Q: 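Below is the structure I would like to discuss, written out as structure tokens.
Position 1 is the first residue of the sequence, and the numbers go up from there. Hydrogens, waters and symmetry mates are skipped; everything else that's a heavy atom, side chains included, is used. Fair warning: this is a prediction, and the values are worked out from it, not measured in the lab.
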Amino acid sequence: MIHQLKTKEKYFTELIGRTKTFEVRKNDRNFSKGDFVGLNEVDNEGVETGRWMLQKIIYILDNPEYCKEGYVILGLKDYRIDDGLSRPIVQVN
């Protein structure tokens with residue numbers, strides 16, 4: 001399954017730079033390990049910028065000791081479609 005999600009510019013940039021490898025999300029989409037997230041960058045007004053990336057969910061933390069009720073932390077990994085590149089797939093319009 002592919003979940004389409006919006007992500008603020010700051011966090012999108014950190015994902016591209018690999019200084020951030022997770023997303024904290026409301027658990028309202030039945031996320032599962034092995035699913036994909038299509039992350040669409042949005043500006044400060046919530047308007048999509050046209051940049052996006054595809055990430056694979058490799059871990060889900062939903063322990064109430066560490067997560068606010070109703071939320072999960074998704075461990076993410078860059079996903080490539082055999083493009084021979086050593087960077088995340090990012091689309092810029």
Q: Indicate, with yes or no, if Tyr66 and Phe22 share a hydrophobic cluster defined by side-chain heavy-atom contacts under 4.5 Å among Ile, Leu, Val, Met, Phe, Trp and Tyr.
A: yes
Q: Under the side-chain contact (heavy atoms from CB on, under 4.5 Å) criterion, do Ile57 and Ser32 qualify, and how do the steps go?
A: CA-CA 7 Å; Ile57 299 173; Ser32 295; over 6 Å; no
Q: Flag the pair Asn44 / Lys10 as yes when at least one side-chain heavy-atom distance between them is below 4.5 Å, and no otherwise.
A: no
Q: Return yes if some donor-acceptor pair links the side-chain N/O of Lys26 with the main-chain N/O of Asp28 below 3.5 Å, else return no.
A: no
Q: Quick one: closest heavy-atom pair of Trp52 and Asn40, and the distance?
A: CB-OD1, 3.4 Å
Q: Give a yes or no on whether Val24 and Leu61 share a hydrophobic cluster (residues Ile, Leu, Val, Met, Phe, Trp, Tyr; joining criterion: side-chain heavy atoms under 4.5 Å apart).
A: yes
Q: Just checking Asn30: does its CG atom have more than 12 heavy atoms from other residues, nucleotides or ligands closer to it than 6.0 angstrom?
A: no
Q: Work out which heavy atom in Glu23 is nearest to a heavy atom in Leu15; give both atom names and the distance.
A: OE2-CD1, 3.7 Å
Q: Going from NZ on Lys68 to CD1 on Ile73, what distance comes out if it is rounded to the nearest 0.5 angstrom?
A: 12.5 Å
Q: Do Arg29 and Asp35 meet the salt-bridge criterion of a basic N to acidic O distance under 4.0 Å?
A: no
Q: I want to check something: taking the side chain as every heavy atom from C-beta on, are Val37 and His3 in contact at a cut-off of under 4.5 Å?
A: yes
Q: Could you go through Arg51 and Glu41, starting from their C-alpha distance and side-chain angles, then the distance that decides it, and tell me whether this counts as salt bridge (Lys or Arg N to Asp or Glu O under 4.0 Å)?
A: CA-CA 6 Å; Arg51 296 195 324 160; Glu41 181 185 47; 2.9 Å; yes
Q: Can you confirm whether Lys56 is buried at NZ, in the sense that more than 12 heavy atoms of other residues, nucleotides or ligands lie under 6.0 Å from that atom?
A: no
Q: Taking all atoms of both residues into account, what is the closest heavy-atom pair of Ile60 and Phe31, and its distance?
A: CD1-O, 3.6 Å
Q: Tell me, with the steps shown, if Val72 and Cys67 meet side-chain contact (heavy atoms from CB on, under 4.5 Å).
A: CA-CA 6 Å; Val72 293; Cys67 299; 5.6 Å; no
Q: Considering only heavy atoms from C-beta outward, does the side chain of Tyr59 approach that of Lys33 to under 4.5 Å?
A: no
Q: Would you check if Tyr79 and Gln55 make a side-chain contact, meaning some heavy-atom pair closer than 4.5 Å?
A: no
Q: Apply side-chain contact (heavy atoms from CB on, under 4.5 Å) to residues Thr7 and Leu39 and explain how you reach the verdict.
A: CA-CA 6 Å; Thr7 303; Leu39 298 169; 3.4 Å; yes
Q: Kindly confirm or rule out a cation-pi arrangement of Lys8 over Phe12, judged by NZ or CZ under 6.0 Å from the six-membered ring centre and within 45° of its axis?
A: no
Q: Decide yes or no for Thr21 and Lys77: does some side-chain heavy atom of the first lie under 4.5 Å from some side-chain heavy atom of the second?
A: no
Q: Would you mind reporting whether Arg25 and Leu5 have side-chain heavy atoms less than 4.5 Å apart?
A: yes
Q: Just so I know, are the side chains of Ile2 and Phe36 near enough to count as touching, which here means a heavy-atom distance under 4.5 Å?
A: yes
